[in-house]
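From a predicted model like this one, the values you see are computed outputs, not experimental measurements. Heavy atoms only: backbone and side chains are in, while hydrogens, waters and symmetry mates are out. Throughout, a chain's letter reflects where its sequence line sits, starting with A, and its residues are numbered from 1.
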Amino acid sequence: MVQLRPRASRAPASAEAMVDEGQLASEEEEAEHGLLLGQPSSGAAAEPLEEDEEGDDEFDDEAPEELTFASAQAEAREEERRVRETVRRDKTLLKEKRKRREELFIEQKKRKLLPDTILEKLTTASQTNIKKSPGKVKEVNLQKKNEDCEKGNDSKKVKVQKVQSVSQNKSYLAVRLKDQDLRDSRQQAAQAFIHNSLYGPGTNRTTVNKFLSLANKRLPVKRAAVKFLNNAWGIQKKQNAKRFKRRWMVRKMKTKK
Amino acid sequence: MGEFKVHRVRFFNYVPSGIRCVAYNNQSNRLAVSRTDGTVEIYNLSANYFQEKFFPGHESRATEALCWAEGQRLFSAGLNGEIMEYDLQALNIKYAMDAFGGPIWSMAASPSGSQLLVGCEDGSVKLFQITPDKIQFERNFDRQKSRILSLSWHPSGTHIAAGSIDYISVFDVKSGSAVHKMIVDRQYMGVSKRKCIVWGVAFLSDGTVISVDSAGKVQFWDSATGTLVKSHLIANADVQSIAVADQEDSFVVGTAEGTVFHFQLVPVTSNSNEKQWVRTKPFQHHTHDVRTVAHSPTALISGGTDTHLVIRPLMEKVEVKNYDAALRKITFPHRCLISCSKKRQLLLFQFAHHLELWRLGSTVATGTVEAMCLLAVSPDGNWLAASGTSAGVHVYNVKQLKLHCTVPAYNFPVTAMAIAPNTNNLVIAHSDQQIFEYSIPDKQYTDWSRTVQKQGFHHLWLQRDTPITHISFHPKRPMHILLHDAYMFCIIDKSLPLPNDKTLLYNPFPPTNESDVVRRRTAHAFKISKIYKPLLFMDLLDERTLVAVERPLDDIIAQLPPPIKKKKFGT
C-alpha cells in the first residue's frame, strides 16, 4: 500500500508517549483540538503533535472517534486535578524541608544557651541567698560562652528576666551586658559633667587645709596652718638620703676595722 | 561615783557624706534628706528634729532629685536613669522604674500631687502619671538641645519652667510645646568663656520665673513675654539652689561659698501696694557648697557638701520666742554606730560598706554583749525589748518566745533603750529628752520614774539639741545609769535627790587629770561631764574602765572636697 502521507507525526508522538507529562499534555491538547481533528490540516508538518497513535489508527482503520464535550470536559478536569496534586505534593515537600531546617536551627540555638539545669540552679540559689539589706537590687549578668560569640550570631539574645518588685523574695535582676555598658558610659559622662562644672578648670577652688588656715592667719596671735608639715614632699630625695647613709655607715665600719 | 580609767578613742574614721537634696513635706512636717552616697533619711521636725527613718544607699543609686507627692509618697531620681519610690512603712524601696532618657537631673511633682515631671540628660522632659501603686509614663514634651537641670511647675499646673545650659524654656503642659526660650547671660556685665548652668528655677503664680545660675546671679523673668525683669549678682561663685515659700512672699537661695540668702517681697514704701523683691538676710552656716535648700512655713533649711543639715527658724514667723527658735545644726548621726563587747574588749565600728573590729587594752572584764539602738536584750538573756515605727516598746520573753508586755505609747520616738542587769528595768530615752524607767517583771513604771516625771526635768536638760544615743549600766551599782549624747555624758544616781529648775545642772569640777571623771560636788542625781566631745559613743567596759569614742569636727572637715576660695584682707 502506498502511503501518501508521511508518518512524520509518528516519531514525535512516540517520543511523547515515553514521558508521562508529555502524554498528559498531548491528551490535553487532544481534548482541545478534538473538534479540529475532523478538519483537514494543510500539512502533516504543520501540526505534528495533534495526532498520536490513536489518531493514526483511526486514520488507518476506522472512522475518527467521536469525542463528546462531556468526556473532553472530564478529561480536562482530570488534568487539572493531577496538576493540583503535583503542586500540592511539591508544597508539602517544601514545607517538610523548611520544618526540618527550623528544628535544626532551634537545636543549635538551644545548644548555645546555658543548659536548663544551670539556669534552675541560679534562680534557686539567688532566692535563698537573701542576706542583703532590704531594698538592694542584685544584678546577675549571664555571661555568654566565648565560642558561641565567635559563631557570630547577633540575633541571639540572652533571656532577660525582668523582675518588677524589689521585695525580699525577688531581689535579683538579669540584664544584657550591652545595655549595662551603655548605661554606665552615660552615667559616667553625666558625672564628669558635674565634676567639671563644680571642680573643673575655671572654678575658684582651694584646698581644705588652706581654707581652715585662713582663720589662723587673721587671729590676733597668728598661728600656723592647720596642716603645717607636708610629709609627702621629696619622697625620692629622702629615700636616696637614707640609702646613702646606710652605705656610708657600712663603709665607715669596714674602714674602722 | 568612783574613779575610772578611760580609753579615749579617736581613731574611728567616720566621715558622713555630703547632703545632696532635701524635700520638705508640709502636711506631716517631715524632711527627707538624701546624701551623695545614696542614703535617704527622714527627719521628724516636730519630734525635736529627730531622724526617724533611714534608707541605706549605694553610690550607683545616688540621687539628684527628691520630691514628695500626694499621699506622703516619696520619689527620687538619679544619674542611673531610674525613678525610685520609697516605702515608708516597710523601710525599703518599692520599685525602680527606668525613664529611658538617660541620667535624670531633676524632678518635680505637680501642685496637685498626681503627676511627676522628670528632666533628663538627652534634653527631654517626661511626664508621668502617679497611679495608686506605681507611676505610669504619659508623654514627652518637646525635646531641647541640652540637658534639663532644673524644673518647676506653675502653681496652677498649666506651665512649667525648665532650666538648662545657657537658657531657660517655658513649656505649656497641655500641648507639651516650648512657649518661650529665654537666653541667660554668661556673666553679669562681663565676659566669660564658661557655660552658664541654670542650677535652679522657680515659677511663681504671677508668672515670674526666678532662676539661679552658675555665674552667681539671681534673675527674675516674665514668662508671658519671655524677657528679663531684674538681675541680682549675689556671689562670685555658683548659686546652686532655690526654694520658695508656699505663700510666695519669700524665698531662699544657697551659694557655693556656703552662704544662704533670704529674699523677701517687701513694699516699696511703707504705704504703697507695690512690692519688690529685696535680699534681706545672709547666713553663713556652711563652709562648703550649699547644694540644696528648702523653705518650711517657719524655717529655712539648708544642706550641702559639708554634711551639716542646718535649720534656721525665721524669727518673724515663729510665734513663741523660746529655745525652739534657735538654730539647729545636725551633724552627727542620731543612731549608734558603735557597739562594744565588754568581755572581749572589742569595739565594732559600723561604716557605710564595711565594719571594723578593734581590740582595746588588756584588762579582764565581765559582762555580756548588748544589742544596739532599737533593740535591747537583757544581760541575763531572758527579755528582749524592741521598738519600731509603731508606738510603744514591746518586751518579749525570750525563753517562752512570746510577748510579755508593752510600754505605753509616747508621742516622741525612742532614741535609745537598755535593760539593767539585775533589776531588769528597761530605761528608754525619747527624742524630746524624756527618760522613762519601766520595770519588766512588774510590768509598770518604777517609782523613781514616776517621781522624775512628776517633778519634770531641769530646763537645761530639755534644751539639749542632740538625742541620747546610748545607755548603759554599772554591773555592781544598780542605782547608776550612764547615758550620753553628742556633747556630754551623764551618770544618773537614783539614790540622790533630783534637781529642780533652780539648782545648777552642770557642776563645775576641779581640774583633775584626764583619766578621772566628774567629782561629786552638789548632791543631785545628774552628774554631767563635758570633757569628751563630740562624743559618738561611751560605755562602761568593766568596773574601773570607760571607753569614749570621739570624732573631732576638724577631722571630718579635713576629708571633705575642696571649698571655694575666699579672699580675706591681710592674707
| message | Using heavy-atom distances under 4.5 Å, tell me whether B:P103 contacts chain A through its side chain, its backbone, both, or neither. | response | side chain
| message | With chain A as the partner, which of B:L149, B:N236, B:D87, B:D289 has the greatest number of non-hydrogen pairs under 4.5 Å? | response | B:D289
| field | Distance-only side-chain donor-acceptor flag, B:Q144 / B:S164, under 3.5 Å | value | no
| task | Sort B:A558 into side chain, backbone, both or neither according to what part of it lies under 4.5 angstrom from a heavy atom of chain A. | result | backbone
| message | For the interface with chain B, which of A:Q191, A:R205, A:Q187 has the highest count of heavy-atom pairs at distances below 4.5 Å? | response | A:R205
| said: Using a strict threshold of under 4.0 Å (side-chain N to carboxylate O), is an ion pair present between A:E103 and A:R100? | reply: no
| said: Side chains of B:K134 and B:T131, heavy atoms from C-beta outward: is any pair under 4.5 Å? | reply: yes
| Of the backbone (N, CA, C, O) and the side chain (C-beta and beyond), which part of B:I197 lies under 4.5 Å from a heavy atom of chain A, both, or neither? | side chain
| field | Residue part contacting chain A, namely of B:Y86, when any heavy atom lies under 4.5 Å | value | neither
| Residue among B:L560, B:D98, B:D554 with most heavy-atom pairs under 4.5 Å to chain A | B:D98
| Other residues, nucleotides, ligands: >12 heavy atoms within 6.0 Å of B:Q136 CD | no
| said: Which atoms of B:I104 are under 4.5 Å from chain A, going by heavy atoms: the side chain, the backbone, both sets, or neither? | reply: neither
| Interface moiety of A:T207 toward chain B, non-hydrogen atoms closer than 4.5 Å | backbone
| field | salt bridge (charged side-chain N to carboxylate O under 4.0 Å, His left out) between B:E64 and B:R20, intermediate numbers included | value | CA-CA 7 Å; B:E64 283 289 320; B:R20 180 63 187 90; 2.7 Å; yes
| field | Which atoms of B:N80 approach chain A - backbone, side chain, both or neither, heavy atom under 4.5 Å | value | both
| field | Any side-chain donor near an acceptor of the partner, B:S34 and B:T63, under 3.5 Å | value | yes
| Test item: side-chain donor near acceptor, B:W199 and B:D238, under 3.5 Å | yes
